[in-house]
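A quick write-up on the structure given underneath.
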Amino acid sequence: MKQACVGQSILRIDAVDKVTGSAVFGDDMDFNRAFYGKALRSPFAHARIVAVDIREALRLPGVKAVVTGKDIQALGGEALKDYPFIASDKVRYAGEAVAAVAAVTEAIAEKAVDLIRVEYQELPVVTDPEKAMNPKAPLVHERLKDYHHLPVIQPVAGTNICHQVRFIKGDVDKGFAESDEIFEDTFTTQMIQHCAIEPHMAAARVDAGGSITVWVTNDGPHRLRKDLAEALGLPLKKIRVISPPYMGGGFGAKGGLKVETLCIALALKTGGRPVKMVLTREEVFTSSLVRHPSVIKIKTGVKKDGTILAREVDLIYDTGAYSEKGPTVCQQASTAGPGPYNIPHVKVSGYCVYTNKPVAGAFRGYGHTQVAWAHESQMDIIAAKLGINPVEIRLKNAVREGDISPTGQQILNSVGLTECIQKAAAGVRWDEPKQAFHGQGFACGYKNTKTPSGSSALVKVSQDGSVELLTSTVEIGQGAKTILAQMAAEELGVPVTAITVSTPDTDLTPYDASTTSSRSTFHMGNAVKKAAGDARGQILKIAAQVLGQPPAELGIEAGVVYALKDRQKRISYTDVLKNQCRAGIDILGRGSYHPDDEGVCAGPWSSPSIFWMYGAQYVEVDVDAETGQVRVTKIVGAHDVGRAINPMTCEGQIEGGIIQGMGPALMEEMLIGEKGEVRNPNFLDYKLPTARDVPEILPIIVETPCSEGPWGAKGLGEMTNVPIAPAIANAIYDAVGVRIKDLPITAEKLLKAMREGK
């Protein structure tokens with residue numbers, strides 16, 4: 001069959017909606033007779049709730065419902081069930097909801113919230129994750145041992161450690177003893193916000209039979225359905241989750257239970273009328289999700305020629321007041337702790353720790369950005385001490401096809417790391433005379449995907465030849481609808497314009513684990529390919545009867561079935577269906593994909609990964625010696641995508657990920673006060689890169705086909721964010737000889753270090 005769609009840079013199918021402003025997002029949806037919801041949030045980071053007085057709020061005209069934690073005793077959470085829908089006994093972070101109001105207008109709801117009176121008893125606050133690990137530290141969760149959790153999660157009762165994990169390969173003590181040089185460093189990363197353009201939104205309605213419908217900007221409709229059903233003790237059929245046609249960015253923040261829990265709590269009291277809530281920007285900062293701050297200690301033993309013999313890594317991830325996805329972030333990032341290198345002796349210890357800070361969860365890179373900051377910064381420290389080129393030392397140690405993964409769980413395949421390194425470094429002349437205050441930096445990285453996880457798809461071919469693709473993949477802005485449409489069109493032999501892609505609705509669209517972990521192109525792509533192949537097979541079977549040819553001797557192109565030996569014998573999809581089924585029929589193709597079927601399974605969030613992503617980035621910077629300001633002037637990003645289904649979309653992902661990664665490297669940071677309060681919950685005080693900060697970017701696509709991927713494709717989006725911070729730091733060191741180990745590398749921090757180092 002002619003390859004007409006896969007591998008082509010076609011225009012995105014949502015382009016017209018986006019550029020004309022007709023795209024419908026969550027807040028654009030019209031909910032008949034909806035009430036408006038608002039939450040009262042705690043000003044304290046840690047306090048007992050002594051009493052909540054809602055009487056004045058209930059008396060306010062226009063108020064339809066007020067709820068507190070006493071009204072809904074439900075716990076949510078992905079890794080551990082520790083997160084109440086509404087706080088009832090105590091609050092654990094500043095910004096946690098203690099009550100919520102539904103009213104006929106948003107203004108009345110806000111006024112009612114102000115009328116609620118809460119009596120608190122303040123408790124000791126712990127905001128430092130290392131101090132939180134001290135046995136004498138105040139406990140954020142006294143009932144940790146009672147929480148239900150995934151089998152892979154290992155909480156430590158009586159402590160603030162909600163998960164610990166260890167990976168050992170070889171004997172690190174032996175490796176260090178045989179090393180010529182040993183390097184020990186500590187690196188830290190800060191708390192940052194996802195900063196999606198669209199804030200969190202949800203609406204909920206409870207019908208007379210007790211069934212709950214939720215409209216929400218959530219990246220995992222079926223996962224959310226399951227989480228809600230478990231938390232509320234309801235069967236899945238009682239929960240329906242509907243996605244808006246588009247979501248204005250997510251980057252990991254729009255998964256799990258957020259606004260929807262408050263909407264449901266209120267909707268249970270509003271007599272079948274829906275309740276809608278949209279977070280303010282301040283609430284997004286304080287009460288949704290952040291990226292995990294981290295402390296990473298890394299010890300590496302090497303030979304004089306740069307061969308790495310041993311590496312020991314201790315990771316501490318600050319998950320804030322509730323575990324959310326923190327334990328699985330820690331679990332997955334720990335597998336990448338040593339870096340993408342073939343090291344015989346490895347020991348990685350990961351800890352996910354509670355503190356009285358905003359809740360941390362998934363962020364583009366899923367914890368791998370933090371570990372890459374450590375191992376890639378130290379790689380340059382090692383290279384400088386040994387007098388080895390930064391690219392050469394990486395090529396010398398890089399994992400290759402057939403190697404055992406750095407922490408020892410699996411044999412690697414589809415490994416394009418060396419090609420990424422070579423292409424990102426092509427043309428760089430490290431030995432040329434160095435310009436003052438101009439530096440070059442390099443870094444690489446790798447990332448796994450959530451394994452095992454499954455996806456299903458349906459392909460419906462109508463009598464007029466049009467095709468509807470039904471999936472629960474969420475269009476977050478990454479171009480998933482276009483990629484999946486290309487795959488279906490390729491398999492069916494029809495133009496992409498013939499494909500319509502559905503919006504997720506758990507009552508109508510089949511199961512998908514989530515639109516996360518860079519898994520959609522691979523997992524849903526496999527399901528779509530199977531579903532389209534199933535539909536194609538049914539069409540060929542019917543056409544074989546019409547054309548008098550065996551199905552194996554028929555081909556499809558541009559929606560026409562033809563005989564391979566005599567192309568004059570041909571018939572369109574439309575005529576195939578009309579000829580065979582005059583009363584009308586749809587062809588329904590079904591497809592499901594789950595790595596269990598392919599021999600990769602060790603339980604939810606297991607360490608083996610069905611595929612790994614690899615990438616390398618080269619950076620150039622200029623540093624102002626008088627102010628410490630850093631200007632990034634050029635970035636080259638080379639990333640292994642397996643097979644580029646849509647090269648233009650791949651390039652866009654590389655560019656976007658690089659720009660997003662520049663923020664945490666140089667400026668982004670949520671500032672936390674001594675009592676756990678967020679001091680800069682707005683875009684005036686929280687600094688983001690703007691268009692003026694964007695340098696020249698050269699995206700490079702590397703294709704190392706994955707045998708299990710659709711047409712060899714695998715994921716990309718998250719990996720683009722992983723190596724950028726250490727590459728910038730390495731370039732700054734090259735420019736001014738100052739090594740910063742604590743993110744972000746602000747002008748003030750760099751200038752101080754430059755002056756101290758003269």
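Nothing fancy with the numbering, it's 1 onward along the sequence. For the numbers below, each heavy atom of this structure counts, side chains included, while hydrogens, waters and symmetry mates do not.
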*asked:* Going by side-chain hydrogen bond (donor to acceptor under 3.5 Å, both in side chains), name the residues that satisfy it together with Lys447, two or more places apart in sequence or in a different chain.
replied: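 Expected list: Glu718.
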
*Just jot down the side-chain hydrogen bond (donor to acceptor under 3.5 Å, both in side chains) partners of Arg166, sequence neighbours excluded, or say none.*
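With sequence neighbours excluded, Arg166 shows a side-chain hydrogen bond (donor to acceptor under 3.5 Å, both in side chains) to Ser349, given in chain and number order.
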
When you check the side-chain N and O atoms of [X] and [Y], is any donor under 3.5 Å from an acceptor?
{"X": "Asn646", "Y": "Gln8", "answer": "no"}
{"X": "Thr369", "Y": "Asn721", "answer": "no"}
{"X": "Thr418", "Y": "Arg400", "answer": "no"}
{"X": "Asn526", "Y": "Ser455", "answer": "no"}
{"X": "Ser294", "Y": "Thr189", "answer": "yes"}
{"X": "Thr407", "Y": "Gln409", "answer": "yes"}
{"X": "Arg590", "Y": "Ser456", "answer": "no"}
{"X": "Glu401", "Y": "Asn413", "answer": "no"}
{"X": "Ser514", "Y": "Asp219", "answer": "no"}
{"X": "Ser323", "Y": "His163", "answer": "no"}
{"X": "Gln378", "Y": "Asp185", "answer": "yes"}

*Could you go step by step and tell me if Thr328 and Tyr366 meet the side chain to side chain donor-acceptor pair (under 3.5 Å) rule?*
CA-CA 9 Å; Thr328 52; Tyr366 215 75; 2.7 Å; yes

Looking at every heavy atom in both [X] and [Y], which two are closest together, and how far apart are they?
{"X": "Asp734", "Y": "Gly439", "result": "OD2-CA, 3.3 Å"}
{"X": "Val359", "Y": "Tyr322", "result": "CG1-O, 3.6 Å"}
{"X": "Gly661", "Y": "Ile724", "result": "CA-CG2, 3.3 Å"}
{"X": "Ile728", "Y": "Ala665", "result": "CD1-CB, 3.9 Å"}

Strictly distance-based, threshold 3.5 Å: is any side-chain N or O of [X] a donor or acceptor partner for the main-chain N or O of [Y]?
{"X": "Tyr317", "Y": "Gly367", "result": "yes"}
{"X": "His345", "Y": "Glu312", "result": "no"}
{"X": "Asp227", "Y": "Gly256", "result": "no"}
{"X": "Thr473", "Y": "Ser520", "result": "no"}
{"X": "Thr521", "Y": "Gly525", "result": "no"}
{"X": "Lys169", "Y": "Pro406", "result": "yes"}
{"X": "Asp640", "Y": "Thr704", "result": "yes"}
{"X": "Arg311", "Y": "Pro338", "result": "yes"}
{"X": "Ser517", "Y": "Lys450", "result": "yes"}
{"X": "Gln410", "Y": "Ser609", "result": "yes"}

Side chains of [X] and [Y], heavy atoms from C-beta outward: is any pair under 4.5 Å?
{"X": "Asp318", "Y": "Val353", "value": "no"}
{"X": "Ile296", "Y": "Thr188", "value": "no"}
{"X": "Val619", "Y": "Lys634", "value": "no"}
{"X": "Tyr618", "Y": "Val428", "value": "yes"}
{"X": "Lys347", "Y": "Phe167", "value": "no"}
{"X": "Leu484", "Y": "Thr471", "value": "yes"}
{"X": "Val302", "Y": "Leu309", "value": "no"}
{"X": "Ile610", "Y": "Phe522", "value": "yes"}

*Can you name the residues that form a salt bridge (charged side-chain N to carboxylate O under 4.0 Å, His left out) with Lys226, not counting sequence neighbours?*
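Glu230.
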
*Is there a side-chain contact (heavy atoms from CB on, under 4.5 Å) between His639 and Val702 once you walk through the steps?*
CA-CA 6 Å; His639 291 268; Val702 172; over 6 Å; no

Only distances under 3.5 Å count here; give the side-chain donor-acceptor pairs of residues 174-182 to other protein atoms, sequence neighbours excluded, each with its distance to 0.1 Å.
unit_1, atom_1, unit_2, atom_2, d
Lys174, NZ, Glu178, OE2, 2.9
Ser179, OG, Gly175, O, 2.7
Asp180, OD2, Lys304, N, 2.9

*Angle class for the Trp612/His368 ring planes (parallel below 30°, perpendicular above 60°, tilted otherwise)?*
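If you compare the ring of Trp612 with that of His368, the planes turn out perpendicular.
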
*Report yes if the distance between the aromatic ring centroids of His194 and Phe363 is under 6.0 Å, otherwise no.*
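When the ring centroids of His194 and Phe363 are compared, they turn out to be within the sub-6.0 Å range.
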
*Start with the C-alpha gap between Leu412 and Tyr614, add the side-chain angles, then the distance that decides, and say whether side-chain contact (heavy atoms from CB on, under 4.5 Å) holds.*
CA-CA 12 Å; Leu412 299 173; Tyr614 302 91; 3.8 Å; yes

*Tell me, with the steps shown, if Leu80 and Ile153 meet side-chain contact (heavy atoms from CB on, under 4.5 Å).*
CA-CA 8 Å; Leu80 291 95; Ile153 305 304; 3.7 Å; yes

_Could you check whether Arg223 pairs with Asp512 (Lys NZ or Arg NE/NH1/NH2 to Asp/Glu carboxylate O, under 4.0 Å)?_
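Not counted as a salt bridge, because no side-chain N and carboxylate O are separated by less than 4.0 Å.
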
*Cation over ring, Arg364 on Phe251, under 6.0 Å and within 45°?*
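No; the conditions do not both hold, so Arg364 does not lie above the ring face of Phe251.
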
*Take Thr319 and His292, measure what side chain to side chain donor-acceptor pair (under 3.5 Å) needs, and give me the verdict at the end.*
CA-CA 6 Å; Thr319 203; His292 289 84; 3.1 Å; yes

_Those residues that, when tested against Tyr354, pass ring pair (Phe, Tyr, Trp, His ring centres under 6.0 Å) (two or more places apart)_ =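 Partners of Tyr354 under the ring pair (Phe, Tyr, Trp, His ring centres under 6.0 Å) test: His141.
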
*Test side-chain contact (heavy atoms from CB on, under 4.5 Å) on Cys444 and Tyr341 and set out the steps.*
CA-CA 10 Å; Cys444 59; Tyr341 303 112; 3.3 Å; yes

Would you give me the side-chain donor-acceptor pairs under 3.5 Å for residues 388-396, sequence neighbours excluded?
unit_1, atom_1, unit_2, atom_2, d
Asn389, OD1, Val391, N, 2.7
Asn389, OD1, Glu392, N, 3.3
Arg394, NE, Glu376, OE1, 2.7
Arg394, NH1, Asp380, OD1, 2.9
Arg394, NH1, Pro390, O, 2.9
Arg394, NH2, Glu376, O, 3.1
Arg394, NH2, Glu376, OE1, 3.2
Arg394, NH2, Asp380, OD1, 3.0
Arg394, NH2, Phe442, O, 3.4

*Going through the checks in order, is the side chain to side chain donor-acceptor pair (under 3.5 Å) test met by Lys741 and Ser377?*
CA-CA 8 Å; Lys741 299 181 182 180; Ser377 292; over 6 Å; no

*For Tyr733, does the OH atom have more than 12 heavy-atom neighbours from other residues, nucleotides or ligands under 6.0 Å away?*
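Atom OH in Tyr733 is not packed in, count stays at 12 or less.
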
